[in-house]
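All residue numbers in this chain count up from 1 along the given sequence.
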Amino acid sequence: MPRQTSPRPPVSRACALAALTIVAAATLLSGCSATSGRDATPSEAPTDASGRLVASLWADRTAHVGDNIRVIALVGDSGLDDLGPRTISLQTGSEPYGLTVRYPAPVKSGGPFDATPQATLLLGTVGNLDHVTVVANGSTFTLTAADASRALGHDVKQLGTDHAALARYVSSLDD
């Protein structure tokens with residue numbers, strides 16, 4: 001026997017308009033919260049490469065290595081995506097939390113690869129990240145948050161909490 005349904009009452013134009021307004025407002029509000037990490041409006045967006053890098057890193061920073069979408073974005077921001085096809089694995093089961101980037105094909109000159117700048121950026125912009133490992137050209141490079149902090153002369157995590165510190169570090173990479 002076919003299922004009987006009761007006819008729906010007609011929706012008034014005012015109700016439909018109110019529902020659309022609520023959906024539009026919710027969309028706008030959720031869009032604002034999704035980009036709340038972004039400080040610059042389009043008219044204030046930096047025009048130089050260093051400024052764009054700082055803006056991207058600042059917008060993508062995250063407190064947790066388990067936020068894989070942001071961590072993947074930060075891997076790209078750091079410049080590691082520019083080296084070729086790679087895989088990323090996150091060690092989030094227990095502390096110390098880590099990130100490993102592996103390159104199956106040789107990168108750069110084919111010799112040992114120093115990923116200190118990229119790893120420092122990742123350690124600084126991922127709040128609970130303890131170590132970054134890069135496997136490339138048959139060698140393994142690892143940098144811990146403690147080692148990065150010693151090299152910087154201050155806590156590497158400051159890069160993710162102090163915009164000016166991040167900008168200074170990125171600027172030092174250009175020197």
Distance-only polar pair, side chains of [X] and [Y], donor-acceptor under 3.5 Å:
X: Thr120; Y: Gln118; result: no
X: Thr116; Y: Asp114; result: yes
X: Thr144; Y: Asp147; result: yes

- Query: How would you list, by chain and number, every residue that makes a side-chain contact (heavy atoms from CB on, under 4.5 Å) with Ala165, sequence neighbours excluded?
  - Reply: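 With sequence neighbours excluded, Ala165 shows a side-chain contact (heavy atoms from CB on, under 4.5 Å) to Gln158, Leu159, Asp162, Arg168, given in chain and number order.
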
- Message: Can you list everything that forms a side-chain contact (heavy atoms from CB on, under 4.5 Å) with Pro104? Sequence neighbours excluded, please.
- Response: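 Residues passing side-chain contact (heavy atoms from CB on, under 4.5 Å) with Pro104: none at all.
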
Contact summary for [X] and [Y], nearest pair of heavy atoms:
X: Pro117; Y: Tyr169; answer: CA-OH, 3.3 Å
X: Ser56; Y: Asp77; answer: O-OD2, 3.3 Å
X: Ala145; Y: Val156; answer: O-CG1, 3.8 Å
X: Asn137; Y: Ala105; answer: OD1-O, 4.4 Å
X: Phe141; Y: Ala119; answer: CE2-CB, 4.1 Å
X: Val107; Y: Ala136; answer: CG2-CB, 3.8 Å

- Could you give me the CA-CA distance, side-chain angles and deciding distance for Leu123 and Leu99, then say whether side chain to side chain contact (heavy atoms under 4.5 Å, CB included) is met? CA-CA 9 Å; Leu123 289 163; Leu99 163 68; over 6 Å; no

- Say whether Val135 and Ile72 are linked into one hydrophobic cluster, either directly or through other cluster members, by side-chain heavy-atom distances under 4.5 angstrom.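 Not linked; separate clusters.
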
Just by distance, do the side chain of [X] and the backbone of [Y] share a donor-acceptor pair under 3.5 Å?
X: Lys157; Y: Val126; value: yes
X: Arg86; Y: Tyr103; value: no
X: Arg70; Y: Asp67; value: no
X: Asp155; Y: Ser149; value: no
X: Ser78; Y: Leu122; value: no

- Task: Please round to the nearest 0.5 Å and tell me the distance separating atom OG1 of Thr125 and atom CG of Leu166.
- Result: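 Reported to 0.5 Å precision, the distance equals 7.5 Å.
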
Would you be so kind as to tabulate the donor-acceptor pairs closer than 3.5 Å made by side chains of residues 127-134, with sequence neighbours excluded?
from, atom 1, to, atom 2, distance (Å)
Asn128, OD1, Val65, N, 2.7
Asp130, OD2, Tyr97, N, 2.7
Thr133, OG1, Thr142, OG1, 3.1

- Item | Passing option when Leu80 is tested against Val101, Ile88, Leu74 for side-chain contact (heavy atoms from CB on, under 4.5 Å) |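 Of the listed residues Val101, Ile88, Leu74, the side-chain contact (heavy atoms from CB on, under 4.5 Å) partner of Leu80 is Val101.
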
